[in-house]
Every structure is written in C-alpha cells, then in structure tokens.
Amino acid sequence: MIENVVGTFELPMGVAANFTINGMDYIIPMVVEEPSIIAAASFMARIVRGCGGFMADVTEPLMRAQVQVVGLSDPYGARLKILSERTRIIEAANACDKVLVELGGGCRDIEVHVFPDTPGGAMAVMHLIVDVRDAMGANTVNTMAERVAPLIEELTGGTVRLRILSNLADLRLARCRVVVTPAALATKDITGEDMIDRMVGAYQFAAIDPYRAATHNKGIMNGIDPLIVATGNDWRAIEAGAHVWAVRKGHYTSLTTWEKDANGCLVGTLELPMAVGIVGGATKTHPLAKLALRILNIHSAAELARICVALGLAQNMAAMRALATEGIQRGHMALHARNIAIVAGAAGMEIEAVAKQLAAAHDVRVERARDLLAELRGK
Ligand SMILES: CC(C)(COP(=O)([O-])OP(=O)([O-])OC[C@H]1O[C@@H](n2cnc3c(N)ncnc32)[C@H](O)[C@@H]1OP(=O)([O-])[O-])[C@@H](O)C(=O)NCCC(=O)NCCSC(=O)C[C@@](C)(O)CC(=O)[O-]
Ligand SMILES: NC(=O)C1=CN([C@@H]2O[C@H](COP(=O)(O)OP(=O)(O)OC[C@H]3O[C@@H](n4cnc5c(N)ncnc54)[C@H](OP(=O)(O)O)[C@@H]3O)[C@@H](O)[C@H]2O)C=CC1
C-alpha cells in the first residue's frame with residue numbers, strides 16, 4: 001500500500017456498543033490507542049438509545065476539485081468565458097470516469113472564484129462539483145481536474161497550475177441530532193436538570209473561546225477518527241475538513257451545539273464535512289477495513305457518514321458530562337491504568353491485576369504500579 005515498508009504498526013480495534021441511528025442498531029468498529037474513548041461512546045449511546053437514538057442525515061456526496069488559472073489580465077472576463085462553456089467542461093470531466101457516471105455520479109456543475117489581487121497577480125479558480133457516489137472521491141476528482149485543464153487554458157488564455165480536490169468538502173455534509181431527557185442524565189448526586197445546565201454551560205465555553213474549542217473539537221474527533229481509520233478512510237482529509245469548518249463563521253468555535261429545548265431536554269447537534277467512502281482508497285485493500293465494513297453492515301458511504309457524526313456527537317457528550325461534573329481524570333485514568341502497569345514492567349496476567357488495584361485506589365501512577373508489581377512478585 002505504501003513505499004519503503006519495513007513492517008506494520010498495529011493499533012487496537014474495539015467496538016462501540018449501543019448505537020441506534022435513525023432507528024437502526026449498529027456495532028461500530030473503532031481503531032484507536034487512547035483508553036476510555038470506546039467506553040465513553042458506548043455509555044452515551046446507551047443513554048441516547050433510551051431517548052429514541054441518534055437522528056442523522058447527509059447531503060449529496062458532492063466534492064470540489066480546484067483548477068487554478070494564473071497569468072490573467074482580465075480574471076472576471078475569464079470567469080464568464082469558463083461559465084459560458086459549462087456544458088462542454090462537464091462533458092469533458094465526465095468522459096474520464098464512465099463507471100462513476102453509470103453509477104449515477106459524475107460532474108454536476110462548475111463554479112469560478114476570482115482573486116483579482118494576489119501578490120502573483122490575478123487568479124481565477126474553477127471548481128468542478130462532482131458527485132462521487134460511494135467513494136471518498138479524491139483520485140476521481142483529481143483525474144477530472146487534470147483532464148479539463150487544457151480546455152480551461154484554451155478558453156481563458158491563462159496558464160493552469162494546481163489541479164487538486166479541496167478538503168473543504170462543504171457540499172458534502174453529515175448532520176446528527178440528539179434529544180436527551182433530564183431523567184436519562186440524572187445521577188445519584190446530580191439532578192438531570194442540573195446536569196443539562198452544566199453541559200450547556202460547558203458547550204458555551206467552547207463556543208466563545210478557541211483555546212477551549214480546540215480541545216472540545218479534539219474530543220469530537222476522538223469519536224470520528226477511530227472509525228475513519230478502521231474503515232481505511234483518509235483521516236487527514238476528515239481532520240482538515242472539520243477544522244476549517246470550525247472556523248467558517250470567522251472565528252474558531254465548537255463543531256457541536258448544545259441547548260435546552262422547551263421541555264427542558266438537552267438537544268445536541270453536529271454538522272461537518274464528511275468525505276468518506278466504502279469503495280476506493282484503502283477501503284477495499286486492507287483486510288481489516290473490509291471486516292470493519294462487514295461489522296457495520298452498511299452499503300453506502302452516506303450510511304458511514306451518518307455513523308461518523310453520531311459517534312462524534314456521543315463522544316462530545318461524554319466528555320462534557322464528565323468535565324462538567326467529576327472531571328475527566330477518574331474515568332479516564334481508571335482505563336489508562338493498564339498502560340501505566342505495562343510502563344511499570346507488568347506482563348501477561350500481571351497487567352490486569354496491577355491495573356485493577358491502581359484504579360480501585362484512584363492512584364494511577366507508575367511509581368505505585370512498580371510497588372504493586374514488586375508485591376505481586378513477592379519481592
Ligand atoms: C469512561 C466512563 C464511561 C466511565 O464511566 P464510570 O461511570 O466512571 O464507570 P462505569 O464502569 O460505572 O461505567 C458507566 C457506564 O458506562 C458504560 N460502559 C462503561 N464501559 C463500557 C464499555 N467498555 N463498553 C460499553 N459500555 C461501557 C456502562 O453502561 C456503564 O453503566 P452500567 O450499566 O455498568 O451502570 C466515563 O467516565 C466517561 O464517559 N468519561 C469520559 C471519557 C472520555 O471522554 N474520554 C476521552 C479521552 S479524554 C480526551 O481526549 C478528550 C477531552 C476530554 O479532552 C475532550 C474535551 O475536553 O472536551
Ligand atoms: N487531499 C486529499 O485528501 C487527497 C487524497 N487522496 C487519496 O485518494 C484516495 C481516495 O480517492 P477515491 O477517488 O475515493 O479512490 P479511487 O480512485 O480508488 O476509487 C474511486 C473509483 O472507484 C470506482 N467506483 C466503483 N464503485 C463506485 C461507487 N459505488 N461509487 C463511487 N465510485 C465507485 C469509480 O470508478 P472506476 O471504477 O472507473 O475507477 C471511482 O472513480 C484516498 O486514498 C486518499 O487518501 C489522493 C489525493 C489527495
């Protein structure tokens with residue numbers, strides 16, 4: 001799959017439980033090195049299931065490819081020349097990928113964006129808007145962008161330079177919503193109403209402060225990235241799209257929203273670009289990616305995108321719930337205890353034994369793990 005290979009690097013693959021999305025139940029494979037993520041997602045999914053589950057939808061799978069044209073004295077004139085040949089350009093793009101067109105996809109439209117004053121002179125950037133069906137679509141749209149470049153030069157008299165997709169997949173959005181009752185969130189110490197107020201307050205912090213928003217959004221990606229990796233998708237592309245989406249209002253902010261509805265229920269939403277595929281890239285070459293798709297039992301990229309946003313929302317809900325109450329460390333460190341035991345030198349059956357004692361005493365430190373290990377070995 002890649003160059004200069006010297007081995008493979010394994011990561012744990014787990015499954016998140018309890019997810020009901022649009023009335024369908026899913027077991028979700030997740031590949032990640034960080035403890036507590038899968039437990040947290042499964043915990044929240046169980047609460048959400050009791051309130052009707054996650055409601056998710058997606059837009060059409062439209063990707064953008066950019067064709068940059070430089071050396072223009074009249075960029076606005078060039079724009080109109082390109083737009084007047086819209087049909088010809090779309091036909092030229094679609095001639096590259098008969099399979100995609102037969103599947104109902106293909107180039108749908110074009111846009112031209114003008115940048116009249118760059119340090120290098122005027123620039124026009126044509127976008128091919130391509131329905132990539134069940135693929136992530138990067139290779140597909142890149143091929144189209146390269147193929148139409150000579151035609152764009154002929155039409156404008158300019159020089160085409162870059163021809164590449166945009167990872168700001170703003171026409172390919174996935175959205176998810178949850179409504180959770182106060183009763184479902186109540187604990188023995190905290191009422192559901194209080195919990196909701198605390199969680200909405202945690203969101204408001206992320207909405208206004210980019211230092212907090214970066215961490216809040218990292219928590220959302222804690223849920224999404226492991227499924228992207230498990231299914232052989234391109235997690236750099238998903239991360240790039242998510243973070244530019246987080247700044248679309250002019251300042252970096254939360255990718256989720258959390259509010260209280262008229263019935264006092266917690267309402268959470270997540271919307272973000274989701275360029276994922278179930279064909280193409282590594283999805284069909286990595287045997288575990290193929291297995292992940294079988295575990296999910298899904299048959300379209302749209303379904304995968306819906307599951308991604310449900311996971312992201314669940315993960316964010318878990319982190320906010322923990323942060324707004326007892327803090328993240330108790331739950332997280334208890335599950336991190338196995339790593340600490342291994343660092344202290346535990347092996348085999350010793351790992352679980354040492355980790356259990358560390359977690360039970362809420363004292364998850366390497367030094368303590370070494371002491372426990374010495375005791376266990378009778379030293
Ligand atoms: C970790 C827990 C769930 C422990 O939660 P807990 O209440 O300490 O422990 P528990 O064992 O009683 O588990 C509670 C429930 O979780 C479920 N559960 C528990 N484990 C599993 C499992 N393996 N599979 C399926 N379900 C599981 C299970 O349903 C259980 O209920 P029960 O029926 O036993 O009463 C909780 O403390 C939690 O949600 N913490 C948040 C953890 C988290 O967000 N981790 C991400 C890493 S931190 C980070 O990187 C992001 C962050 C936090 O910075 C983002 C941000 O700042 O916004
Ligand atoms: N900036 C970025 O994000 C970049 C990412 N990449 C990489 O590109 C890869 C993804 O590209 P992608 O175009 O998805 O991969 P592929 O080119 O491997 O697969 C897409 C192709 O699969 C065929 N296909 C078969 N069935 C379907 C279907 N149901 N829906 C859609 N297409 C179908 C199509 O035509 P046909 O059979 O004719 O091939 C289509 O062109 C990833 O590995 C990514 O890392 C590459 C460059 C840049």
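First listed ligand is number 1; within each ligand, the first listed atom is number 1. Owing to the predicted nature of the structure, the values given are computational and were not obtained by experimental measurement.
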Under the salt bridge (charged side-chain N to carboxylate O under 4.0 Å, His left out) criterion, do R88 and E154 qualify, and how do the steps go?
CA-CA 12 Å; R88 206 170 139 206; E154 181 195 314; 3.2 Å; yes
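- Close contacts of ligand 2 with A135, meaning ligand atoms under 4.0 Å from a residue heavy atom, involve 14 (O), 20 (C), 30 (N), 31 (C), 32 (N).
- Near V99, meaning under 4.0 Å from one of its heavy atoms, ligand 2 places the atoms 35 (O), 36 (P), 37 (O), 38 (O).
- An N or O contact shorter than 3.5 Å links N167 to ligand 2 by distance.
- Residue-ligand proximity, A237 to ligand 2, at heavy-atom distances under 4.0 Å covers atoms 3 (O).
- Under a 4.0 angstrom heavy-atom cut-off, I328 registers as being in contact with ligand 1.
- Residues forming a side chain to side chain contact (heavy atoms under 4.5 Å, CB included) with E153 (at least two apart in sequence, or on another chain): T159, V160.
- Set against the non-hydrogen atoms of M136, the atoms of ligand 2 under 4.0 Å away are 3 (O), 10 (C), 14 (O).
- A donor-acceptor pair is defined here as one N or O able to donate and one able to accept, closer than 3.5 Å; such a pair exists between the side chain of T59 and the backbone of L171.
- In terms of polar-atom proximity, T140 is counted as a contact of ligand 2, with an N or O under 3.5 Å from an N or O of the ligand.
- Ranking protein heavy atoms by distance to atom 29 (O) of ligand 1, first place goes to R46 NH1, 3.0 Å.
- Contacts of D234 with ligand 2, taken as heavy-atom pairs under 4.0 Å, involve the side chain alone.
- Short contacts between ligand 2 and N142, defined as distances under 4.0 Å to a heavy atom of the residue, involve ligand atoms 47 (C), 48 (C).
- Between E34 and K218, at least one side-chain nitrogen of the basic residue sits less than 4.0 Å from a carboxylate oxygen of the acidic one, meeting the salt-bridge criterion.
- The protein heavy atom nearest to atom 18 (N) of ligand 1 is A39 O, 4.1 Å.
- Residue L100 places no N or O, backbone or side chain, under 3.5 Å from any N or O of ligand 2.
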